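This structure is a prediction, so every number in the text was calculated from the model and none was measured.
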Amino acid sequence: MTNSVFNVRFAPSPTGELHLGGARTALFNWLFAKYNNGKFFLRIEDTDTKRSREIYTDQILDSLSWLGLNWEEPLIFQSERLNEYKIHIKSLLSSGQLYHCFCSKNDLSELKDKGHFKYPGTCRELDHNDIKTRLNQGASFTYRVRIPDGNTKYEDMIYGSINVDHKELDDFIVIRSDGSPTYNFTAVVDDHYMDISHVIRGEDHVSNTPKQILLYKALGFNVPVFAHLPMILGADGKRLSKRHGAAGVQTFREEGYLPESLNNYLALLGWNPGTDEELFSSDDLIQKFNLSKVQKKGAIWDEKKMHWISGQHMMKTGTDHIIDKLRFNDPDWGKGSSISYLVSIVELLKVRAKSLSEFIAQSDYFFNSPLSYDQEALQKAWGDNSVNTRMQLLAVNLLTLEHWRKDYLQNIFELFIKEHGLGLGKIIMPIRLAVCGTLNGPAVYDILELLGKDETLKRINVALKELPK
RNA sequence: GGCCCGUUCGUCUAGUGGUUAGGACUCAUGGUUUUCAUCCAUGCAACAGGAGUUCGAUUCUCCUACGGGCUACCA
């Protein structure tokens with residue numbers, strides 16, 4: 001079981017975008033490969049021609065590269081390995097490990113409806129001539145595996161020892177009536193040809209594993225090591241899906257989360273480093289990640305924690321980097337502004353915005369005068385006309401200020417309140433409202449300094465005309 | 001129905017045959033801040049239930065309950 005080769009793969013089927021569960025499986029495979037100096041491959045399982053779409057392959061690849069989970073060439077498509085499948089079917093057939101099944105889909109599903117969950121073995125021991133006759137008549141058929149008596153045991157890197165009696169296993173289909181191979185067979189052949197040493201996948205595959213091991217052995221292949229990852233669940237404890245809202249990687253990208261944040265949280269769901277640390281860059285994860293610390297039970301996706309992690313990453317991320325990302329997410333962001341202006345804005349918002357979208361929303365008043373005033377804030381800060389009088393006076397003071405710097409601004413404000421016997425809030429709140437349209441944000445002096453004298457006075461004058469209402 | 005897997009605060013988790021069962025997120029309160037955020041402090045909050053083993057079980061065993069997965073000519 002000790003391997004010197006570490007080849008792993010992520011094998012999505014292109015029937016939808018990359019969802020969180022898939023992303024985590026990919027991440028864990030990637031981390032395992034990187035840590036062990038192994039190789040991380042990608043295989044597109046496109047044998048379900050009815051549901052597979054090329055567009056999804058592109059989307060999945062796109063999401064994966066956004067997450068930074070780079071894979072080895074070549075990219076494998078199952079549909080391109082049809083020849084190998086044929087060869088191995090032939091060999092299984094000739095050694096009697098496969099048999100023709102002529103049962104119709106309808107008959108079988110009727111049986112199931114009646115409570116017979118297992119294939120009854122109708123065609124398991126068909127007479128040779130019988131088969132020939134039916135074949136000559138052009139009857140449609142599938143190939144099933146003749147499961148031998150006994151049991152299959154394997155050592156899961158996460159779940160430990162798992163033992164299944166063959167009595168529990170169905171003679172499952174490997175070739176459909178249209179001649180196409182099924183998953184349990186293709187996965188085995190592919191993993192063999194790709195020289196996969198460790199199969200790391202979702203827990204939903206645990207019960208497939210004995211079937212696949214049987215196939216590995218029947219084909220004379222080496223059996224890889226298996227590791228099954230617990231599921232990611234929604235708040236209702238059910239497997240995470242579109243029903244739960246944001247379940248696709250693209251959504252998180254669009255909402256302005258950094259890939260490192262997603263990786264970080266994904267890793268923390270069902271794994272812990274054995275210390276109290278929770279914040280990791282992807283490179284940190286490579287060093288710290290270990291399959292043996294992976295949980296057995298499913299973990300519920302917690303939007304709030306994801307958001308917190310994202311905020312933490314934002315604070316640590318370099319300002320230049322954030323600016324690049326912001327411009328990438330919204331090409332119009334900061335258009336026409338100097339780079340130093342943008343740097344100052346991002347510096348101010350870094351501890352406040354927890355995602356790129358929040359940056360964009362919260363930075364709006366640095367580029368545009370407020371279109372409207374927050375109602376609640378208006379009540380609080382500019383309730384009556386006495387504020388107008390006050391602001392008018394203050395505006396005059398500001399007008400005379402020559403050096404528009406935050407320390408001078410602060411000076412003016414402080415003199416003003418002393419002179420009029422007011423609390424600071426009495427002038428700062430209305431200013432905020434006039435300039436930002438909201439009461440929340442960075443220090444008012446910082447905002448005013450950045451905005452500049454003209455813009456500040458302009459906005460105050462607009463507010464003086466429009467408020468209170 | 002059968003088989004497999006699981007069960008520590010609301011959530012993610014640490015942990016041990018004897019602990020005040022620890023941390024993080026959330027929430028609440030207080031401090032810092034002109035506001036918000038940050039930061040700091042404090043607080044609320046958990047070993048699913050029942051037997052057994054044991055001097056002693058959250059920890060080991062069994063049973064029950066609950067949850068999840070599989071039981072496809074999907075992957």
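Across all strands shown, A:Pro442 has heavy atoms under 4.0 Å from base atoms, whether or not it also approaches the sugar-phosphate. Nucleic acid contact for A:Gly202: none, since no nucleic acid atom lies under 4.0 Å from a heavy atom of the residue. Using a 4.0 Å heavy-atom criterion, one finds that A:Glu358 contacts no nucleic acid atom at all. Using a 4.0 Å heavy-atom cutoff across all strands shown, A:Cys103 reaches at least one base atom of the nucleic acid. Using a 4.0 Å heavy-atom distance criterion, A:Ala443 is classed as a base contact. Looking at heavy-atom distances under 4.0 Å, A:His228 makes no contact with the nucleic acid at all.
Contact between the side-chain N/O atoms of A:Lys293 and the OP1/OP2 oxygens of B:rG15 is found at a separation under 4.0 Å. Side-chain nitrogen and oxygen atoms of A:Gln295 include at least one within less than 4.0 Å of the OP1 or OP2 phosphate oxygen of B:rA14. OP1 or OP2 of B:rA75 lies within a sub-4.0 Å distance of a side-chain N or O belonging to A:Thr47. Close to B:rU8, at under 4.0 Å from its OP1 or OP2, lies a side-chain N or O of A:Lys297. Phosphate proximity of B:rC70 to A:Asn208: absent, as no side-chain N or O sits under 4.0 Å from OP1 or OP2.
Nucleotides B:rG22 and B:rC62, compared at atom C1', are 30 Å apart to the nearest Å. Comparing the P positions of B:rC3 and B:rC9 gives a spacing of 29 Å, expressed to the nearest Å. For the C1' atom pair drawn from B:rC47 and B:rC66, the interatomic distance equals 16 Å after rounding to whole Å. The separation of B:rA65 from B:rC36, taken at their C1' atoms, amounts to 48 Å, rounded to a whole angstrom. The same atom, C1', is picked in B:rG50 and in B:rU7; the two are 15 Å apart, to the nearest Å. Using P as the reference atom, B:rU8 and B:rG68 are 15 Å apart when rounded to the nearest Å. Nucleotides B:rG17 and B:rU58, compared at atom C1', are 10 Å apart to the nearest Å. A distance of about 6 Å separates the C1' atoms of B:rU59 and B:rU16, rounded to the whole Å.
Separation of atoms CZ (A:Phe41) and CH2 (A:Trp30) is listed at 15.5 Å; rounding is to 0.5 Å.
When both distances must be under 3.5 Å, the Watson-Crick or G-U wobble mate of B:rU59 does not exist. Of all nucleotides present, none satisfies the Watson-Crick or G-U wobble test against B:rU54 with each distance under 3.5 Å. Pairing of B:rU33, defined by two Watson-Crick or G-U wobble distances under 3.5 Å, is not identified with any nucleotide. The nucleotide B:rU11 finds its pairing partner in B:rA24, both defining distances of the Watson-Crick or G-U wobble pair being shorter than 3.5 Å. In this structure, B:rA48 forms a base pair with B:rU64, meeting either the Watson-Crick or the G-U wobble geometry with both donor-acceptor distances under 3.5 Å. Taking a pair to require two hydrogen-bonding distances under 3.5 Å in either a Watson-Crick or a G-U wobble arrangement, B:rC70 pairs with B:rG2. Under the Watson-Crick or G-U wobble criterion, with both distances below 3.5 Å, B:rU19 is left unpaired in every strand shown.
The interatomic distance linking A:Leu424 (CG) with B:rC36 (C1') rounds to 16 Å, in whole Å. Taking atom CG on A:Asp446 and atom C1' on B:rU38, their separation rounds to 14 Å, with Å as the unit. For A:Arg352 and B:rC39, the CZ to P distance is 12 Å, given to the nearest whole Å. The CD1 atom of A:Ile232 sits 14 Å away from the C1' atom of B:rU11 (whole-angstrom rounding). Between the CG atom of A:Asp190 and the P atom of B:rA75 there is a distance of 12 Å, given to the nearest Å. Atom CD1 of A:Ile345 and atom P of B:rC36 are 22 Å apart (whole Å). Atoms CD (A:Glu303) and C1' (B:rA24) sit 17 Å apart, rounded to a whole Å. Between A:Leu349 atom CG and B:rU35 atom C1' there is a gap of 14 Å when expressed in whole angstrom units.
Taking only distance into account, the side chain of A:Ser177 meets the base of B:rC73 through a donor-acceptor pair shorter than 3.5 Å.
When each of A:Lys105 and A:Asn440 is assigned the nucleotide of RNA chain B bearing its nearest heavy atom, the one mapping closer to the 5' terminus is A:Asn440. Map A:Gly115 and A:Val351 each onto its nearest nucleotide of RNA chain B; the residue landing nearer the 5' end is A:Gly115.
With B:rC12, B:rC73, B:rG69 as the choices, the nucleotide that has an atom nearest any side-chain atom of A:Ile173 turns out to be B:rC73. Here B:rA75 is the nucleotide among B:rC5, B:rU35, B:rA75 with the atom lying nearest to any side-chain atom of A:Ser13. Listed nucleotides B:rA75, B:rC4, B:rG6 differ in distance to A:Ile162; the shortest reach to its side chain belongs to B:rC4. Nearest to the side-chain atoms of A:Ile300 among the listed nucleotides B:rA75, B:rU35, B:rU11 stands B:rU11.
Defined by atom type and a distance below 3.5 Å, a donor-acceptor pair is missing between the side-chain atoms of A:Glu17 and A:Ser63. Residues A:Ser281 and A:Glu260 have side chains that never bring a donor and an acceptor to within less than 3.5 angstrom of each other. Donor-acceptor pairing under 3.5 Å is recorded for the side chains of A:Ser363 and A:Trp333. In this model, no donor atom of one side chain and acceptor atom of the other lie less than 3.5 Å apart for A:Asp149 and A:His166. Side chain to side chain, A:His307 and A:Ser355 fail the donor-acceptor criterion of an N or O pair below 3.5 Å. No side-chain N or O of A:Ser104 forms a donor-acceptor pair with one of A:Asn106 less than 3.5 Å apart. A:Asn388 and A:Trp382 share a side-chain donor-acceptor pair at under 3.5 Å. A donor atom on one side chain and an acceptor atom on the other are found under 3.5 Å apart for A:Gln78 and A:Thr186.
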**OP:** Under the ring pair (Phe, Tyr, Trp, His ring centres under 6.0 Å) rule, what do A:Tyr257 and A:Tyr265 come out as? Steps first, then yes or no, please.
**Re:** CA-CA 11 Å; A:Tyr257 287 105; A:Tyr265 184 54; 9.8 Å; no
**OP:** Quick one: do A:His313 and A:Phe280 satisfy ring pair (Phe, Tyr, Trp, His ring centres under 6.0 Å)? Show the steps, please.
**Re:** CA-CA 9 Å; A:His313 276 269; A:Phe280 305 101; 9.0 Å; no
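A stacked arrangement is not assigned to A:Phe117 and the six-membered base ring of B:rG2, the conditions of a centre distance below 5.5 Å and an interplanar angle below 30° not being jointly met.
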I'd like a table of atom pairs between the protein and nucleotides 59-68 of chain B - only N or O on both sides, under 3.5 Å - with the distance next to each one.
unit_1	atom_1	unit_2	atom_2	d
B:rG68	OP1	A:Lys238	NZ	2.1

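The two residues A:Tyr119 and A:Thr122 have their closest heavy-atom pair at OH-N, 3.5 Å.
Note that A:Arg24 lies in the cation-pi zone of A:Phe28, set by a 6.0 Å cut-off to the ring centre and a 45° limit from the axis.
Within 6.0 Å of atom NZ in A:Lys426, 12 or fewer heavy atoms from other residues, nucleotides or ligands are found, so the atom counts as exposed in its surroundings.
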Original post:
Once each nucleotide of nucleotides 25-30 of chain B is scored for protein heavy atoms under 4.0 Å, what B/S/- sequence comes out, 5' to 3'?
Top reply: SS----
